[in-house]
Amino acid sequence: MATPFRLYNTLSRSIEPFEPITDGKVGLYVCGMTVYDDIHMGHARAMVVFDTFVRYLRHRGWDVHFVRNFTDVDDKIIARANEHGEDPLVWAHRYIDRFHEDTDALGLLRADDEPRVSGCIHDIQKLTQDLIDRGHAYISEGNVWFAVKSDAEYGKLSGQKVDELRSADTDAGKQNAADFALWKSVKPGEPSWDSPWGPGRPGWHIECSAMSKKHLGNTFDIHGGGLDLVFPHHENEVAQSECGNAAPYARYWMHNGMLTMDSGQKMGKSLGNVFNVRNALSHFPAEALRLYYAQGLYRSSLPWSDQALPDALSMLGRLYDAREKAEAMGGSESAEQVARDLGEDAQLVLELGRNFPERFYDALDNDFNTAKAMADLLSLARAINRFAGHKKARKRGGPVVAPALDAFRLVSEAINLMAMSTAEFHAEVKTKRLKALSLSAEWVEARLDERKAARDAKDWQLSDAIRGELEQRGIMVMDTPTGAQWRVRLGTASD
RNA sequence: GGCGCCAUGGCCAAGUGGUAAGGCAGAGGACUGCAAAUCCUUUAUCCCCGGUUCGAAUCCGGGUGGCGCCUCCA
């Protein structure tokens, strides 16, 4: 059954209890991508945050209707396509396909509806006409403008006042510099559709108002998107929808923070500091990316650096290693019996495991605090590792770590992390990290065979030299009772 | 100029009234042929000033600094 949760609402600038319009249901609209290039780590944050959020709500019993749009008609798409002598819609749709390739590889769910501007022209025109009819929009030279001054509530989301804005563009035909286009008359080389106001194409903001209305109705529960969209995009959406529909728009506004560079500035194409998801995924498992995002609060800025993914991967490795140790433990006594016999480390892992669900739900129900949830999971991993150091843990510890293993399953089901088998995880890491280091598994194995021969001859000098060479190349060698194991170093610098 | 967010140990970071989670890095120790991994120990009174309170990192006021938005932006 759906349980209550609390959410920061940009409208009130405070955390509020979530109250659905319809019991047990959540209508969620998230602003998607303008598709003219591959997505970068900053875009991926928004996608991962809302994917994780949707998964969690569903895990908690909510019936979520998740809508995320594609902007496939836009100035930048047109400019980029024209540069390459291609049709703008063809160009955009190729990048929608690439978006799906990337987000599928990231392990993200598809939205329930993924409307495109080009498929919603009729809905956009209908809303535009409603705005004209209600006196909130005017026609000028084939353009239709939203009249900001006609909306007394304009600015309520962002706190902006129309007269205090830095002088915007003074397009001929606009009554107020802050008025924005609902419909733009056609220009040469641009896609266009017929309309009551002449051929043209939609303005940027109207699409989201029209698409959310189409799939979720006039009033719906949660509207999401990047923090950089609050003004003007979301402000304008509120104005259009509430004026055009004469009904409230989204009840909760949920904004994710930006990825920032060393300078504190956000990752963005104009700054030339973007890192593509495609690159990241060729060298790191998708879960490492998702853990990187989950480490922080969704609405805070998150620092990006070359070390971000190596760090996240080594953290992920710690979690998988701990889980593997727990899985290897046997025994069939009662947990209480084992905990009594094996001491406080056993008590601790039992207790943390049993408490985990409550702590996990508390963290995520309180404005989706994944950072807290991840910290608790790491604490549990440490408790497992500590307990695993006991001689009798492997033979008798199973009952004591069972709740911890349940905790890992819970995380996997609720937010899709720790969702692989240990073998799958290590296989993926090996493949991707070897590729990043330009090494082959065969080469590593051959070196290890040589080292084994040296070790058998107790030629420690040669043995260590071989290991040293491997380490220099980023391969860690671990001597165990059953022979040497190897792994690609997780925490190495960028590639 | 306007609007908004933020300021916690070397770095990242959770914490929203009762004396500071977690990660990375560093130092010491256990383990190891030596290592790696792992574990243990170790590093903070929370930007500054004032106020409220028995008590504040947490609330209020002022200051300083950073960032986002006001043009496209996840």
Side-chain angles (χ1 to χ4, degrees), chain A residues 10 13-15 30-34 36 39-50 71 74-76 79 155 157-169 177-178 204 224-233 235 255-260 263-271 291 295-297 299-303 305 307-308 310-312 314-315 317-318 321-322 325 345 359 363 366 369-379 381-390 455 458 460-461 463-464 467-468 470-471 475-480 484-487 489-491:
Chain A
T10 305
R13 310 278 169 185
S14 63
I15 294 175
V30 177
C31 281
M33 294 291 306
T34 299
Y36 66 96
I39 62 171
H40 65 238
M41 291 298 295
H43 300 134
R45 182 182 195 191
M47 304 309 149
V48 171
V49 162
F50 287 103
T71 298
D74 164 88
D75 292 350
K76 290 202 169 177
L157 178 65
S158 64
Q160 297 287 349
K161 297 182 192 69
V162 171
D163 297 327
E164 301 286 354
L165 296 174
R166 199 167 260 174
S167 58
D169 66 308
W204 176 36
L227 198 52
D228 53 354
L229 295 179
V230 174
F231 190 89
H233 185 56
E235 192 69 69
H255 290 104
N256 64 273
M258 301 291 103
L259 241 55
T260 52
S263 57
Q265 294 177 306
K266 76 173 181 179
M267 178 179 283
K269 287 196 185 94
S270 54
L271 295 158
L291 181 57
Q295 281 175 88
L297 281 180
R299 60 190 168 86
S300 298
S301 58
L302 182 65
S305 77
Q307 206 49 43
D311 283 355
S314 65
M315 207 179 299
R318 276 170 67 82
D321 285 347
K325 284 183 201 170
D345 289 345
R359 291 153 61 88
N366 185 21
N369 191 336
T370 54
K372 173 82 165 51
M374 291 302 101
D376 286 344
L377 191 62
L378 264 312
S379 296
R382 193 200 290 110
I384 292 170
N385 283 329
R386 183 168 165 175
F387 173 58
H390 289 252
R455 276 168 61 82
K458 294 211 188 305
W460 307 123
Q461 205 175 0
S463 163
D464 288 352
R467 186 176 60 202
L470 287 167
E471 270 173 13
I475 303 297
M476 291 186 322
V477 179
M478 296 154 295
D479 290 318
T480 71
Q485 305 270 313
W486 67 277
R487 285 190 188 160
R489 185 188 301 280
L490 301 184

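Chain identifiers are assigned alphabetically (A, B, ...) following the order of the sequence lines, protein sequences preceding nucleic acid strands; residue numbering begins at 1 within each chain. Note that these values count all heavy atoms, side chains included, but never hydrogens, waters or copies made by symmetry.
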* Closest approach of A/I475 to A/W486 (non-hydrogen atoms, all atoms of both residues) -> CG2-CE3, 3.7 Å
* Asked: When we call it a touch if two heavy atoms are under 4.0 Å apart, what does A/G42 touch: a base, just sugar-phosphate, or nothing?
  -> base
* **Assigned partner base of B/rC47, Watson-Crick or wobble definition, under 3.5 Å** => B/rG63
* To do: Any chance you could measure A/K266, atom NZ, to A/L259, atom CG, to the nearest 0.5 Å?
  => 11.0 Å
* **Spacing of the P atoms in B/rG23 and B/rU38 (rounded, Å)** => 11 Å
* Indicate the ring-plane relationship of A/H40 and A/H43, choosing parallel, tilted or perpendicular according to the 30° and 60° boundaries. => parallel
* To do: For B/rU8 and B/rA56, measure between their C1' atoms and round to the nearest Å.
  => 14 Å
* Can you tell me if A/Q160 uses its side chain to pair, donor with acceptor, with the backbone of A/G155 under 3.5 Å? -> no
* Which base sits across from B/rG68 as a Watson-Crick or G-U pair, both distances under 3.5 Å? -> B/rC3
* Identified pairing partner of B/rU53, criterion: Watson-Crick or G-U wobble below 3.5 Å -> none
* C1'-based separation of B/rA44 from B/rA14 [nearest Å] -> 15 Å
Taking N or O atoms only and anything under 3.5 Å, show me the protein contacts with nucleotides 14-16 of chain B, one pair per line.
from: B/rA14; atom 1: O3'; to: A/N369; atom 2: ND2; distance (Å): 3.0
from: B/rG15; atom 1: OP1; to: A/N369; atom 2: ND2; distance (Å): 2.6

* Calculate, to the nearest 0.5 Å, the distance between atoms NZ and CZ belonging to A/K325 and A/R386 respectively. => 13.0 Å
* Asked: Nearest of B/rC69, B/rC67, B/rG2 to any side-chain atom of A/E164?
  -> B/rG2
* To do: Dump the intermediate steps for side-chain contact (heavy atoms from CB on, under 4.5 Å) on A/M258 and A/L227, then the final yes or no.
  => CA-CA 7 Å; A/M258 301 291 103; A/L227 198 52; 4.1 Å; yes
* Counting any heavy atom closer than 4.0 Å, what does A/L227 reach on the DNA or RNA strands: base, sugar-phosphate only, or nothing? -> nothing
* Go through the N and O atoms of the side chain of A/R166 and the base of B/rG1, and report whether any donor-acceptor pair is under 3.5 Å. => yes
* Asked: Mind checking the P distance from B/rA37 to B/rU45? Whole angstroms is fine.
  -> 31 Å
* **side-chain contact (heavy atoms from CB on, under 4.5 Å) evaluation trace for A/D479 with A/R467** => CA-CA 11 Å; A/D479 290 318; A/R467 186 176 60 202; 3.8 Å; yes
* Euclidean distance, atom CG of residue A/D228 to atom C1' of B/rC5 [Å, nearest integer] -> 13 Å
* Side chain of A/H40 only, please: which of B/rC69, B/rA74, B/rG4 is the nearest? => B/rA74
* Round to the nearest Å and state the distance from A/L302 atom CG to B/rG68 atom P. => 15 Å
* A/D321 and A/R318: CA distance, side-chain angles, deciding distance, salt bridge (charged side-chain N to carboxylate O under 4.0 Å, His left out) verdict -> CA-CA 5 Å; A/D321 285 347; A/R318 276 170 67 82; over 6 Å; no
* **Between B/rC48 and B/rU58 - P atom distance, rounded Å** => 10 Å
* Under a 3.5 Å limit for both distances, which nucleotide forms a Watson-Crick or G-U wobble pair with B/rG28, could you say? => B/rC40
* Structure fact -> So CG of A/L157 and NE2 of A/H233: to nearest 0.5 Å the spacing works out to 11.0 Å
Atom pairs, N/O to N/O, protein against nucleotides 25-27 of chain B, distance under 3.5 Å?
none

* Structure fact -> Between CG of A/D376 and P of B/rA21 the distance, given in whole Å, is 12 Å
* For A/M33, answer base if it contacts any base atom (sugar-phosphate contacts may also be present), sugar-phosphate if it contacts only those atoms, and nothing otherwise; contact means non-hydrogen atoms under 4.0 Å. => sugar-phosphate
* To do: Take nucleotides 33-43 of chain B nucleotide by nucleotide from the 5' end and write B, S or -, depending on whether a protein heavy atom sits under 4.0 Å from the base, only from the sugar-phosphate, or from neither.
  => BBBB-SSS---
* Which value, in whole Å, describes the distance between the P atoms of nucleotides B/rG61 and B/rG4? -> 13 Å
* To do: Could you check how far CG of A/D74 sits from C1' of B/rC72, rounded to whole Å?
  => 8 Å
* Asked: What integer distance in Å separates A/K161:NZ from B/rC69:C1'?
  -> 15 Å
* To do: Report the distance from atom CD of A/Q160 to atom C1' of B/rC70, rounded to the nearest whole Å.
  => 5 Å
* Considering Watson-Crick and G-U wobble pairs with both distances under 3.5 Å, what does B/rA20 pair with? -> none
* Asked: CG/A/N256 to CG/A/D228 distance, rounded to the nearest 0.5 angstrom?
  -> 8.0 Å
* Given atom CD1 of A/I39 and atom P of B/rA74, what is their separation to the nearest angstrom? -> 11 Å
* Which comes earlier along RNA chain B counting from the 5' end, the contact point of A/H43 or that of A/F231, where each point is its nearest nucleotide? -> A/F231
* From OH (A/Y36) to CG (A/D75), nearest 0.5 Å -> 11.0 Å
* Same-atom distance (C1') from B/rU52 to B/rG28, integer angstrom -> 45 Å
* Asked: Of A/G226 and A/P232, whose nearest nucleotide on RNA chain B comes first from the 5' end?
  -> A/P232
* Sugar-phosphate only, base, or nothing, as touched by A/G32 at under 4.0 Å among non-hydrogen atoms -> sugar-phosphate
* Can you tell me how far P in B/rG15 sits from the matching atom in B/rA30, rounded to whole Å? -> 38 Å
* Asked: To the nearest Å, how far apart are A/L259 CG and B/rG68 P?
  -> 13 Å
* Asked: Looking at CE of A/M374 and CG of A/N369, how far apart are the two atoms once the value is rounded to the nearest 0.5 Å?
  -> 10.0 Å
* Is it true that a side-chain atom of A/T370 and a backbone atom of A/L297 form a donor plus acceptor pair closer than 3.5 Å? -> no
* **Side-chain (A/Q485) to main-chain (A/M478) donor-acceptor, under 3.5 angstrom** => no
* Structure fact -> Using Watson-Crick geometry (N1-N3 plus N6-O4 or O6-N4) or G-U wobble (N1-O2, O6-N3), each under 3.5 Å, B/rA13 is paired with none
